[in-house]
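In what follows, a single structure is set out as structure tokens and then discussed.
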Amino acid sequence: QVQLVESGGGLVQPGGSLRLSCAASGSIFSINLMAWYRQAPGKQREFVADMPSGGGTDYADSVKGRFTISRDNAKNTVYLQMNSLKPEDTAVYYCNANVRITPVTLTYVYWGQGTQVTVSS
């Protein structure tokens with residue numbers, strides 16, 4: 001079993017910053033793509049950012065320029081630095097990972113349990 005655990009969520013005021021972490025553990029040979037999604041009440045889950053194992057990044061237009069995704073491959077951990085937070089950023093944030101479990105190309109996608117981010121005065 002592979003488990004992803006998010007942390008770092010909380011309550012911040014508009015314009016504030018927060019850093020989320022997601023650590024993967026379990027039967028892992030390597031991790032390919034890692035990504036962040038979010039879901040607000042009554043809305044669909046939406047893509048936020050992702051980062052392949054070799055580098056490079058992709059961001060949703062709504063967070064581009066404010067959020068930064070990074071990885072520590074030695075720790076199987078992905079981070080999301082969130083700056084200039086807005087009330088519309090309020091959501092449960094989930095990480096996911098495309099995990100390779102054997103030396104051959106055998107991969108599965110896993111999701112974390114989510115961490116709440118609330119941006120409010």
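Computed from a predicted model, the values in this text were never measured in an experiment.
Smallest separation of non-hydrogen atoms from Tyr59 and Thr68: OH-CA, 3.3 Å. Between Ser84 and Ser17, the closest heavy-atom pair is N-OG, 4.4 Å. Nearest heavy atoms, Val117 versus Gly9: CG2-CA, 4.2 Å. The two residues Gln116 and Ala91 have their closest heavy-atom pair at NE2-O, 3.4 Å. Taking each heavy atom of Gly10 and Leu18 in turn, the nearest pair found is N-CD2, 3.8 Å. Closest approach of Val99 to Ser27, counting heavy atoms only: CG1-O, 4.4 Å.
Of the inter-residue distances, the one linking Thr115 atom OG1 with Arg38 atom CZ reads 14.0 Å to the nearest 0.5 angstrom. Between the CG atom in Asp50 and the SG atom in Cys95 there is a gap of 12.5 Å [rounded to 0.5 Å]. Atom CZ of Arg100 sits about 9.0 Å away from atom OG1 of Thr107, to the nearest 0.5 Å. How far CG of Asp72 is from OG1 of Thr77: 6.0 Å, rounded to the nearest 0.5 Å.
Linking ILVMFWY side-chain heavy atoms closer than 4.5 Å, directly or via other members, places Tyr94 and Tyr79 in two distinct hydrophobic clusters. In the hydrophobic clustering of this structure, Met34 does not group with Trp111; members are Ile, Leu, Val, Met, Phe, Trp, Tyr whose side-chain heavy atoms approach within less than 4.5 Å, directly or through other members. Hydrophobic clustering, with ILVMFWY side chains joined whenever heavy atoms are under 4.5 angstrom apart, keeps Leu33 apart from Leu80. Clustering ILVMFWY residues whenever any of their side-chain heavy atoms sit less than 4.5 angstrom apart, transitively, puts Val109 in a cluster other than the one holding Val5. In terms of hydrophobic clustering, with Ile, Leu, Val, Met, Phe, Trp and Tyr side chains grouped at heavy-atom distances under 4.5 Å, Tyr108 and Val2 are assigned to a common cluster.
Residues that satisfy the ring-ring contact (aromatic ring centres under 6.0 Å, His included) test with Phe47, not counting sequence neighbours, are Tyr37. Under the rule for a side chain to side chain donor-acceptor pair (under 3.5 Å), Lys86 has no partner lying at least two apart in sequence or in another chain.
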I'd like to know whether Tyr93 forms a side chain to side chain contact (heavy atoms under 4.5 Å, CB included) with Cys22, so could you lay out the CA-CA distance, the side-chain angles of the two residues, the decisive distance to 0.1 Å, and finally the verdict. CA-CA 10 Å; Tyr93 283 70; Cys22 174; over 6 Å; no
Determine, stepwise, if the pair Ile31 / Arg71 fulfils side chain to side chain contact (heavy atoms under 4.5 Å, CB included). CA-CA 11 Å; Ile31 302 178; Arg71 292 177 60 162; 3.8 Å; yes
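Atom CD of Gln13 has 12 or fewer heavy atoms from other residues, nucleotides or ligands within 6.0 Å. Atom CD of Gln44 has 12 or fewer neighbouring heavy atoms from other residues, nucleotides or ligands inside a 6.0 Å radius.
For Thr90 (side chain) and Val119 (main-chain N/O), a donor-acceptor pair under 3.5 Å exists by modelled atom type. The closest donor-acceptor contact from the side chain of Gln81 to the backbone of Arg19 lies at 3.5 Å or more, if one exists at all.
For the residue pair Asn32/Ser53, the side-chain donor-acceptor check at 3.5 Å is not satisfied.
For the side chain to side chain contact (heavy atoms under 4.5 Å, CB included) with Met82, the lone residue among Leu20, Asp89, Val12, Val63 that qualifies is Leu20.
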